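Working notes, beginning with the structure itself.
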Amino acid sequence: MLIVLAVLVLPYLLAPLYRAGHPVSTLMAWRWLKGAPVTRPWIDFSAISPSLPRSVVGSEDAKFCSHHGIDWDALRDVIDDAEDGDVARGGSTITQQVAKNLFLWNGRSVVRKALELPLALWIDLVLPKQRILEIYLNIAELGPAGQFGAEAGSTYAFGHSAANLSPREAALLAAILPNPVRRSARNPGPGVRRLAWTYMARAQSAQRCWRENRAF
């Protein structure tokens, strides 16, 4: 019982410490344990091309700069869809994905979701928005063979640093989330290209949202 309690409490103790440092995801750690390749050179938020965070927010979490870890409207839509038998919608915010990637596991699970929601609220409370997004951009899987984070994903797909991403390249990286194994920014198919164009347009709304809410 004490072990279970310790495991449940540990993320809440660690999250405030992640205001600094280069945290890794549970998936990265699991791949290391299995001996699978992992490539993740950290890149500071200030060095990343502004096009990438704008595209990622536009694609993954349009209300990122204004919510407090959970988009309750999107969550209600997910619940309504599930009641109607539709489980295609995701609904997780970037903060929820950070909570999952840092401390939990992949896959659909009511237990994981129950752990993820309060943890996302806590992370939003103890970490600045920019730091949350910086962590996400450095732990998200962005390549088919163990490439994690913006720098590794950009280098694999385009042969250069995430500091030099064009708006189109940034949108292509956003378009392969959350499945960079089936989707490719390096050799994008028609579906990925269509998504990229959509996310380029949404990036402008994300930029206005950040400016109005002074999140960055």
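Values below: all heavy atoms of this structure, side chains included; hydrogens, waters and symmetry mates excluded. All residue numbers in this chain count up from 1 along the given sequence. Owing to the predicted nature of the structure, the values given are computational and were not obtained by experimental measurement.
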For [X] and [Y], which heavy atoms make the closest approach, and how far apart are they?
{"X": "Ser184", "Y": "Arg186", "answer": "OG-N, 3.1 Å"}
{"X": "Ile43", "Y": "Ala162", "answer": "CD1-CB, 4.1 Å"}
{"X": "Thr95", "Y": "Ala120", "answer": "CG2-O, 3.4 Å"}
{"X": "Ile176", "Y": "Ala185", "answer": "CG2-N, 3.4 Å"}

Kindly work out whether a path of hydrophobic side-chain contacts (I/L/V/M/F/W/Y, heavy atoms less than 4.5 Å apart) joins [X] to [Y].
{"X": "Leu10", "Y": "Phe103", "result": "yes"}
{"X": "Phe64", "Y": "Leu52", "result": "yes"}
{"X": "Tyr12", "Y": "Leu8", "result": "yes"}
{"X": "Leu17", "Y": "Val98", "result": "yes"}
{"X": "Ile132", "Y": "Leu125", "result": "yes"}

For Trp30, look at atom CH2 and say whether over 12 heavy atoms of other residues, nucleotides or ligands are found less than 6.0 Å away.
->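 Open: at most 12 neighbouring heavy atoms sit under 6.0 Å from CH2 of Trp30.
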
With a 4.5 Å limit on heavy-atom distance, are the side chains of [X] and [Y] in contact?
{"X": "Leu142", "Y": "Leu177", "value": "yes"}
{"X": "Leu172", "Y": "Val192", "value": "yes"}
{"X": "Arg183", "Y": "Leu195", "value": "yes"}
{"X": "Glu141", "Y": "Arg40", "value": "no"}
{"X": "Ser51", "Y": "Met200", "value": "no"}
{"X": "Ile135", "Y": "Pro23", "value": "yes"}
{"X": "Pro11", "Y": "Leu102", "value": "no"}
{"X": "Leu173", "Y": "Ser55", "value": "no"}

Could you go step by step and tell me if Lys113 and Ser92 meet the side-chain contact (heavy atoms from CB on, under 4.5 Å) rule?
-> CA-CA 10 Å; Lys113 188 62 70 174; Ser92 291; 3.0 Å; yes

Take Thr93 and Lys63 through the side chain to side chain donor-acceptor pair (under 3.5 Å) test and state the conclusion after the steps.
-> CA-CA 8 Å; Thr93 65; Lys63 296 181 180 179; over 6 Å; no

Results of side chain to side chain contact (heavy atoms under 4.5 Å, CB included) for Pro37 - residues two or more places apart only =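 For Pro37, the residues satisfying side chain to side chain contact (heavy atoms under 4.5 Å, CB included) (neighbours in sequence not counted) are Arg31.
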
Output all residues satisfying side chain to side chain contact (heavy atoms under 4.5 Å, CB included) with Ser109, sequence neighbours left out; order by chain, then residue number.
->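 Expected list: Trp105, Val111, Arg112.
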
Straight-line distance of [X] [atom1] to [Y] [atom2], nearest 0.5 Å:
{"X": "Leu127", "Y": "Arg19", "atom1": "CG", "atom2": "CZ", "result": "6.5 Å"}
{"X": "Gln97", "Y": "Ile123", "atom1": "CD", "atom2": "CD1", "result": "11.5 Å"}
{"X": "Leu137", "Y": "Ile94", "atom1": "CG", "atom2": "CD1", "result": "7.5 Å"}
{"X": "Leu27", "Y": "Leu104", "atom1": "CG", "atom2": "CG", "result": "13.0 Å"}

Asp124 and its side chain to side chain donor-acceptor pair (under 3.5 Å) partner, picked from His67, Lys129, Gln96 =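 Exactly one pass, corresponding to Lys129.
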
Backbone N/O of Asn164 and side chain of Ser161: donor-acceptor pair under 3.5 Å =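 A pair under 3.5 Å: no.
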
Look only at the side chain of Glu151 and the backbone of Pro41, and say whether a donor-acceptor pair between them is shorter than 3.5 Å.
->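 Side chain of Glu151 to backbone of Pro41, a donor-acceptor pair under 3.5 Å: no, none is there.
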
Measure up the His160 and Phe158 rings against each other and bin them: parallel (under 30°), tilted (30 to 60°), perpendicular (over 60°).
->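 The arrangement is parallel - the two ring planes meet at less than 30°.
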
Relative to each other, are the rings of His22 and Trp42 parallel, tilted or perpendicular (30° and 60° limits)?
->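 Parallel: the ring planes of His22 and Trp42 meet at under 30°.
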
Assess Arg131 against Tyr18: is NZ or CZ under 6.0 Å from the centre of the six-membered ring, and within 45 degrees of the ring's axis?
->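 No - Arg131 does not lie over the ring of Tyr18 by the 6.0 Å and 45° rule.
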
Stepwise side-chain contact (heavy atoms from CB on, under 4.5 Å) check, Val24 with Ile139 = CA-CA 6 Å; Val24 300; Ile139 63 175; 5.7 Å; no

